[in-house]
There are 2 protein chains.
Amino acid sequence: MDSDDALAIFSALSHPTRLEAFRLLLRHEPEGLATGALVDASGLSQSTFSSHLAVMVKAGLVRSAKQGRQNIQRADVRALTDLMLYLANDCCQGHPELCQPLLAELASCC
Amino acid sequence: MDSDDALAIFSALSHPTRLEAFRLLLRHEPEGLATGALVDASGLSQSTFSSHLAVMVKAGLVRSAKQGRQNIQRADVRALTDLMLYLANDCCQGHPELCQPLLAELASCC
DNA sequence: TCCATTCATCGACTTTATTCGATGGGAAGG
DNA sequence: CCTTCCCATCGAATAAAGTCGATGAATGGA
């Protein structure tokens with residue numbers, strides 16, 4: 001994970017439609033959702049949502065797999081993990097104690 | 001932390017100048033950096049960087065404090081923590097096991 | 001008081017993102 | 001083979017972001 005990777009992920013998640021779609025996919029791990037279901041959930045036109053989906057796939061946040069005549073989309077949890085580690089690294093480099101609250105809350109969350 | 005808060009943070013971090021500035025501030029916690037030092041590091045004009053800084057402050061990622069005639073900027077680590085928890089919550093809701101790798105790596109990082 | 005420093009805001013311009021309808025490719029079913 | 005369904009891509013229009021120089025407010029020092 002370098003700056004460009006992180007930047008692509010931040011950009012991908014900086015739009016309401018894409019953030020909601022990604023969260024929806026997270027909640028549907030690991031089976032995923034068909035593109036059509038995501039389009040319906042977004043309320044946008046098929047072509048508009050398709051371009052949003054392309055942004056997320058390009059950023060590595062979502063993985064697409066053909067299944068018959070529909071495409072199944074899955075959230076890439078690993079990309080999310082890497083993003084958090086990328087930021088945590090800068091944070092912990094100088095002041096490890098700053099990450100303790102995060103660690104504690106994540107432990108109780110998961 | 002709701003969707004709008006998260007969206008503002010993702011947008012703030014989706015620009016190279018802002019991402020680098022925020023990482024620089026993280027590495028300078030807790031003393032912070034003057035706006036001028038951030039401008040110099042960015043290589044952009046003072047007015048352009050000022051607008052980038054305003055985006056980060058508005059998103060709650062950076063806190064500004066006057067000190068004499070310069071403004072000291074500090075990264076808000078809490079905002080970052082909240083952002084990660086916001087995403088982890090969707091992830092863990094259905095499948096707690098997906099967060100285990102993150103937790104493990106964070107523990108060894110910090 | 002007068003000047004230099006620091007930085008936010010304004011106005012104008014350029015670049016990029018978002019959105020949609022229309023078109024077309026590929027797969028399943030009749 | 002023909003039709004239907006699913007979805008990516010294209011082209012054009014509108015909206016939003018990014019960039020800069022210029023201006024001005026506020027502060028501290030001469």
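In this text, all values refer to a predicted model and were calculated from it rather than measured experimentally. Proteins come first, then strands; the chains are lettered A, B, ... in the order of their sequence lines, and each starts at number 1.
- Follow the hydrophobic side-chain contacts under 4.5 Å out from B/L26 and you reach A/M1 in the same cluster.
- Residues of residues 37-44 of chain B having a heavy atom closer than 4.0 Å to DNA chain C: none are found.
- Using a distance-only test at 3.5 Å, with no hydrogens or angles considered, no donor-acceptor pair links the side chain of A/S50 to the main chain of A/S47.
- For the side chain to side chain contact (heavy atoms under 4.5 Å, CB included) criterion with B/L33, the lone passing option out of B/R74, B/H28, B/Q73 is B/H28.
- The CG atom of A/L7 sits 11 Å away from the P atom of C/dA17 (whole-angstrom rounding).
- Checking side-chain atoms of A/D40 against main-chain N and O of A/A37 turns up no donor-acceptor pair under 3.5 Å.
- With 3.5 Å as the limit, one finds no donor-acceptor pair spanning the side chains of A/E20 and A/S42.
- From B/D2, atom CG reaches atom OH of B/Y86 across 7.0 Å, with rounding to the nearest 0.5 Å.
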Set out, line by line, the N/O atom pairs under 3.5 Å between protein and nucleotides 8-11 of chain C.
from	atom 1	to	atom 2	distance (Å)
C/dA8	OP2	B/S50	OG	2.7
C/dA8	N7	B/Q46	NE2	2.8
C/dA8	N6	B/Q46	OE1	3.0

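- Residues B/L13 and A/L7 share a single hydrophobic cluster, defined by chaining ILVMFWY side chains whose heavy atoms lie under 4.5 Å apart.
- Here the CG-OG1 distance, from B/L53 to B/T48, works out to 12.5 Å after rounding to the nearest 0.5 Å.
- Between B/L38 and B/H52, the closest side-chain pair of non-hydrogen atoms is not below 4.5 Å.
- The shortest distance between the side-chain N/O atoms of A/H15 and the OP1/OP2 oxygens of D/dA15 is not below 4.0 Å.
- The separation between A/I72 atom CD1 and D/dC5 atom C1' is 14 Å, rounded to whole Å.
- Separating the CZ atom of B/F10 from the C1' atom of C/dA17 is a distance of 19 Å, rounded to the nearest angstrom.
- Within the 4.0 Å cut-off from OP1 or OP2 of D/dC7, not a single side-chain nitrogen or oxygen of A/H52 is found.
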Polar-atom pairs under 3.5 Å, protein N or O versus N or O of nucleotides 27-29 of chain D: list them with distances, or write none.
none

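- At least one side-chain heavy atom of B/L80 sits under 4.5 Å from a side-chain heavy atom of B/F22.
- The distance between atom CE of B/M56 and atom P of D/dA17, rounded to the nearest whole Å, is 16 Å.
- At a threshold of 4.5 Å between non-hydrogen side-chain atoms, the residues A/V55 and A/H15 do not count as touching.
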